S.K.: 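Shown below is the structure under consideration.
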Amino acid sequence: MADDLEYGPARADGEKDAVAEILCGAFNTTVEECGEWIDRAGIDQLRVIRPGGRVGGCLVLIPMGQWFGGRSVPMMGIAGVAIAPEHRGNRGAGGLMSSMLAEMYEKGQFLSTLYASTQPLYRRAGYEQAGTTFDILLATSQIDIRDRDLSVRPIGPEDDPAVAACYRQWAMRHDGSLDRRDYIWRRIRTPRKNTARGYLVEGPSGVEGFLYYMQVEAKGGRYSLKLTDVTSVTRSAARRLLTFLADHRSMAFRVQWQGGPADTLLTMLREQRSRMRLWEYWMLRIVDVAGALEARGYSADRGARVHFEVRDDVIPQNNGRFVLEVSDGRGKVSRGGDGRVGIDVRGLAAMYTGHWTAEQLRGRDYLEASAEDASAASAVFAGHAPFMSDRF
Ligand SMILES: CC(C)(COP(=O)(O)OP(=O)(O)OC[C@H]1O[C@@H](n2cnc3c(N)ncnc32)[C@H](O)[C@@H]1OP(=O)(O)O)[C@@H](O)C(=O)NCCC(=O)NCCS
């Protein structure tokens, strides 16, 4: 099937129902819910393949950005990859992904990120594990902070810009976090089948932290608090948010949120009484090598030059030699150089985010270089462990 795939945007007049039918069959939801999902994403963000002229598979594009080195890099999130059962096993999904990537390259997209239900499909398309998302679980009885210096109040619609500014201030310091657009904010504020309540913490400089929570029922009428987001940019705000959560402890036995391996709220607690479990490694694809390398930020004090020879089986324009020159926190890329660091585009994805070092990639056959060149490349991309606190 892959060779004769017709690929393109879904037609607004008549293909929405066919896509909703494929999505609900693939993800065990109702056709109505899938219709709502499509409306939230926008029908213009659907891409389909039409084996035999009819819709047989789809995916959803979610345009946003992702923060690396203090800069937001244009990134296309991918969700809802699904093939109708009768067309599975014919490389339809592989063809859908490579056609989508060709389109993204032509449109000037730099990165693409997704959560994978099966990795081989996406590895073949050039994606690789590039960061983590953890589930964090904390019993409310274990929150040992009581600090009400700052005030807390419900978030109203008029607060949205200040809340978004607070998130941005936090996100730009955390590699891998999303530069959110409406699609993600809607998931936080109005999650599927539930209502999120939002509260913000105000300090001398305005909004210093906020959270949105849902109540999830548990045995005996008690419940747990599921945070669809929690962010704080000052120590006082983090303490105030923890106090706010502890104030729910008579009925809410536990709080749950998503984050990375080093969590700001947890560091405030006196003891390590939380539980963390890896939810997933998300996967990232470098869609445009030169564009992506120039768009991210780098540690300001590192001046360096790396000579890459990139291999990419799916986007041919990425093949060849590139020189990355870093100074004053910015990267400049030119074609050419001596290609001392041979790298597969999947390895480059993992190194770009800081998830793996060049030395680790050598051990995985993703990179060929001398120990000295590998170590120099590692230094350029060094940062904290990248993570994402949003699912999509
Ligand atoms: C996963 C899915 C999209 C694959 O579609 P497909 O057209 O049959 O896939 P392809 O023929 O292009 O296969 C590509 C690779 O995906 C993997 N794959 C395919 N079907 C799979 C399945 N049902 N389960 C796990 N992995 C699968 C295989 O590794 C395959 O490569 P291989 O045959 O060399 O091992 C399809 O089974 C589906 O719609 N499943 C339900 C929804 C889903 O899981 N979507 C992915 C969300 S991230």
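Just so it is clear, the model here is predicted, and its values are computed rather than measured. In listed order, ligands and their atoms are each counted from 1.
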S.K.: Taking distance alone, with no angle check, do A93 and ligand 1 share an N/O pair under 3.5 Å?
M.R.: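 Looking only at distances, the answer is yes, because the N/O contact criterion of under 3.5 Å is met.
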
S.K.: Give the atoms of ligand 1, by number and element, whose distance to some non-hydrogen atom of Y122 is under 4.0 Å.
M.R.: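 The list of qualifying atoms is 46 (C), 47 (C), 48 (S).
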
S.K.: Between E103 and R47, does any NZ, NE, NH1 or NH2 come within less than 4.0 Å of an OD or OE carboxylate oxygen?
M.R.: yes

S.K.: Which option, N90, T118, I22, L23, owns the non-hydrogen atom nearest atom 26 (N) of ligand 1?
M.R.: T118

S.K.: Of all the heavy-atom pairs spanning L23 and T29, show the shortest one and how long it is.
M.R.: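 Of all heavy-atom pairs spanning L23 and T29, the closest is O-OG1, 4.4 Å.
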
S.K.: If we check ring-ring contact (aromatic ring centres under 6.0 Å, His included) with W279, which of these qualifies: Y115, F387, F134?
M.R.: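 The option that passes is Y115.
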
S.K.: Under the salt bridge (Lys or Arg N to Asp or Glu O under 4.0 Å) criterion, do E6 and R50 qualify, and how do the steps go?
M.R.: CA-CA 5 Å; E6 184 195 327; R50 300 184 189 89; 3.0 Å; yes

S.K.: When you check the gap from the basic side-chain N to the acidic O, do R123 and D344 get nearer than 4.0 Å?
M.R.: no

S.K.: Should side-chain heavy atoms under 4.5 Å link Ile, Leu, Val, Met, Phe, Trp and Tyr, which residues sit in the same cluster as W67?
M.R.: M172

S.K.: Any nitrogen or oxygen of G94, main chain or side chain, under 3.5 Å from a nitrogen or oxygen of ligand 1?
M.R.: yes

S.K.: Within the structure, does H87 bring an N/O atom to less than 3.5 angstrom of an N/O atom in ligand 1?
M.R.: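 Among all N and O atoms of H87, none is under 3.5 Å from an N or O of ligand 1.
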
S.K.: Please state which option from I49, V81, L96 has its nearest heavy atom closest to atom 43 (C) of ligand 1.
M.R.: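 The residue whose heavy atom sits nearest atom 43 (C) of ligand 1 is V81.
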
S.K.: Could you tell me, atom by atom, which parts of ligand 1 come under 4.0 Å of a heavy atom of A26?
M.R.: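 Per the distance check, 41 (C), 42 (C).
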
S.K.: In the hydrophobic clustering that connects Ile, Leu, Val, Met, Phe, Trp and Tyr at side-chain heavy-atom distances below 4.5 Å, which members other than V323 occupy its cluster, ordered by chain and number?
M.R.: none

S.K.: Could you list the atoms of ligand 1 found under 4.0 angstrom from a heavy atom of P120?
M.R.: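 In order of number, 29 (O).
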
S.K.: I'd like to know if R311 and E368 make a salt bridge, using a cut-off of under 4.0 Å between side-chain N and carboxylate O.
M.R.: yes

S.K.: Using heavy atoms and a threshold below 4.0 Å, how should the contact between L114 and ligand 1 be classified: side chain, backbone, both, or neither?
M.R.: neither

S.K.: For ligand 1, which atoms, with element, lie under 4.0 Å from some heavy atom of Y115?
M.R.: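 The atoms of ligand 1 under 4.0 Å from a heavy atom of Y115 are 48 (S).
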
S.K.: So that I can tick it off, tell me whether R362 and D373 are bridged by a salt bridge, with the cut-off set at under 4.0 angstrom between side-chain N and carboxylate O.
M.R.: no

S.K.: Hey, is M97 one of the residues with a heavy atom under 4.0 angstrom from ligand 1?
M.R.: no

S.K.: Any nitrogen or oxygen of G89, side chain or backbone, less than 3.5 Å from one on ligand 1?
M.R.: yes

S.K.: Classify the contact between I83 and ligand 1 as side chain, backbone, both or neither, using a heavy-atom distance cut-off of under 4.0 Å.
M.R.: both

